[in-house]
Colleague: 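The structure's right below; bear with me while I get my questions together.
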Amino acid sequence: VLFRPDAQDFRLIGYYAGKVVFGVGLVMLVPAALALVLGERNEVYAFLIGASLAVITGRASELFLRTRAPLSTSHGLASVALSWLTAPVFAAIPLLLSGHYASYLDAYFESMSGFATIGLTLANDLDHMPRSVNLWRHLLQFLGGQGIVVVVLTVFAGGGARVGHLYIGEGREEKILPNVVRTARFIWRVALVYAAIGTVLLWAALIVAGLSPLAALYHGVNLFMAAFDTGGFAPQSASVAFYRSQLLESILLVIMVAGAFSFALHYQLWQGRRGEITRNIETRTIAVSLLALFAVMAVGMGRTGTFTEFEPLLRHGFFHAVSAHTTTGLATLPGRLYVTDWGVLAPATLVSAMAIGGMAGSTAGGIKGIRIGLIVKGLRRDIRKVLLPENAVVLETYHSTTDRILRDEQVRGAATLFLLWLVLYLGGGIFGLFYGYELNLALFESVAAASSGGLSVGLVRPDLEWPIKVVYIAQMLIGRLEFIAVFALAGYLVAIVKGRV
Amino acid sequence: VARPRSPASKAPAVDPRPRPRPRRRLDDSLLRGGLTGIAAVTLATLGLALAGAAIAFVVSLFY
């Protein structure tokens, strides 16, 4: 059966993407208000222009594409992918008008990096960027981490049962509560409670580090959004190293770990089921993988003489291991040092940590702990089958909220996605090779872009060749939406190209 | 002679006033659980950091 979408299908997809663009336009009023308060006149105009264009476009698409047709899963998936492509188009406008980006492509790259919580930046002179623009970069991460489509539709459009298809499209497979709106509300509640407590703690640590109370508040809010949404942007170009504060780094560690926990796990913990943290297959997988990779990293650093003493090894090494594994991308050292001072083994562990990533249904990216855990369990079951007598029934179980029996199709699904992730990582790396970059650099940046890891060895900079920027944008989008939504949109586009409409 | 009561008169009287909405018990427990959840995440991070410290200590002994 050929896939033959009609005009009604495209209306539906455009209608929901329009709603998202409208919502992004409204959110732009937040940094506009800050610009007004701080007297950043140019930025006030920049945000008003961006917001107006987004609101007008969003409203127009709502008016012209309004339809009562039901939203199917394929519509939902394609809508999400289209929304994630179009929202940065408008979010990039104030960035471009700030004068800190060399081209519109750079501003779009920055917007996508923000929404997809990557953390790679193409900003020029970040340390002198207007505060409202810098806040906007961090707000993009907050919106993207929470899931822009679900956020916008639950906050601005009242939600409803139809949001369910869109929720799945944003890489959130697991409904925590019986309906999506309640699930989205819970996600908001977790984020806001963490925001309140986390920002206060960061604010206090920044004051201790020597910032004024107002500056500490500004940096604290931004750092919270960067850490909890595993985004990795920082208000300063030196990232966390700028503050030279162990206390701040310790608080950020907790916030990054919280961000990499799935909201389903948060729900269990908030229900008082603390045992879930030690029994859950994902937390176990990530804990083992994080500690194993950190051990290898420490040995690598010891061999090259980068850090041989306990304190810097723990402070810098462990922070980077957590930052990479949670796919946050905050750093306590300049990224160039990974290449010049860290040898080969330690940066390889960063790449591996970013590639694996956090938990499914969290704000983190990467392959995800659940898939690695299921593949390992499947492998163990197969080995046991070989070793035990032929008539023995071998069952493998795992715990994720409840005890479950491992099924073949779960392992197959996890393995398929694992392979797709590898293709995505390697594809970006090979593309970098075409432009003459060394394999280790090209692969590092490719994994950082696709997994939303965001640590950089310095390849991503304004003078990077534009085709690589485009490839990284595609990797960010595909990685954040975990393939399926992008494939659905591609299916509709192929249908148009082949004239099957 | 007492006449039999009609079925309608046997029905319990319905209070026409709008009933107060039941409190969202689930939401309340979630809010109460917030601090428990944050404490659990903090403890988990502390556990990881302690394990990391043990690894860093052992590695620093060798180099």
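Atoms considered below: every heavy atom in the structure, side chains included; atoms not considered: hydrogens, waters and symmetry mates. Order of the sequence lines sets the chain letters (A, B, ...), proteins ahead of strands, with each chain counted from 1.
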Colleague: With a 4.5 angstrom heavy-atom cut-off, could you sort out which part of B/Ala39 is near chain A: side chain, backbone, both or neither?
Modeller: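 Nothing of B/Ala39, per the 4.5 Å heavy-atom cut-off to chain A.
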Colleague: Looking at A/Asp341, is its backbone amide N or carbonyl O close enough to the side chain of A/Thr306 to form a donor-acceptor pair, meaning the two atoms are under 3.5 Å apart?
Modeller: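 Judged by distance alone, yes, a pair lies under 3.5 Å.
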Colleague: Taking the side chain from A/Ser362 and the backbone from A/Gly358, do they hold a donor-acceptor pair closer than 3.5 Å?
Modeller: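 Side chain of A/Ser362 to backbone of A/Gly358, a donor-acceptor pair under 3.5 Å: no, none is there.
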Colleague: Give a yes or no answer on whether the side chain of A/His316 reaches the backbone of A/Pro312 with a donor-acceptor pair at less than 3.5 Å.
Modeller: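 Between the backbone of A/Pro312 and the side chain of A/His316 there is no qualifying donor-acceptor contact (under 3.5 Å).
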Colleague: Below 4.5 Å, heavy-atom pairs only: which of B/Thr36, B/Thr42, B/Ile38 has the largest tally toward chain A?
Modeller: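 Sorted descending by pairs with chain A, the first entry is B/Ile38.
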Colleague: Does the ring center of A/Phe186 lie less than 6.0 Å from the ring center of A/Phe263?
Modeller: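 So the answer is no for these two rings.
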Colleague: Test A/Thr328 against A/Asp229 for side-chain contact (heavy atoms from CB on, under 4.5 Å), laying out the working first.
Modeller: CA-CA 8 Å; A/Thr328 305; A/Asp229 287 284; over 6 Å; no
Colleague: Can you tell which part of A/Arg303 gets under 4.5 Å to a heavy atom of chain B, answering side chain, backbone, both or neither?
Modeller: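 Both backbone and side chain.
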Colleague: Name the region of A/Ile197, side chain, backbone, both or neither, that has any atom closer than 4.5 Å to a heavy atom of chain B.
Modeller: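 The side chain, not the backbone.
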Colleague: Is A/Leu290 close to chain B through its backbone or its side chain, or both, or neither, when contacts mean heavy atoms under 4.5 Å?
Modeller: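 It is the side chain, since no backbone atom gets that close.
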Colleague: Between A/Gly272, A/Gly317, A/Gly198, A/Ala298, which residue shows the highest count of heavy-atom pairs closer than 4.5 Å to chain B?
Modeller: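 Most heavy-atom pairs within the cutoff with chain B belong to A/Ala298.
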Colleague: Does any backbone or side-chain atom of A/Ile277 lie under 4.5 Å from a heavy atom of chain B? Answer side chain, backbone, both or neither.
Modeller: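 Only the side chain of A/Ile277 comes within 4.5 Å of chain B.
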Colleague: Tell me whether A/Ser323 contacts the main-chain N or O of A/Phe319 through its side chain, where contact means a donor paired with an acceptor under 3.5 Å.
Modeller: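 Such a contact is absent between A/Ser323 side chain and A/Phe319 backbone.
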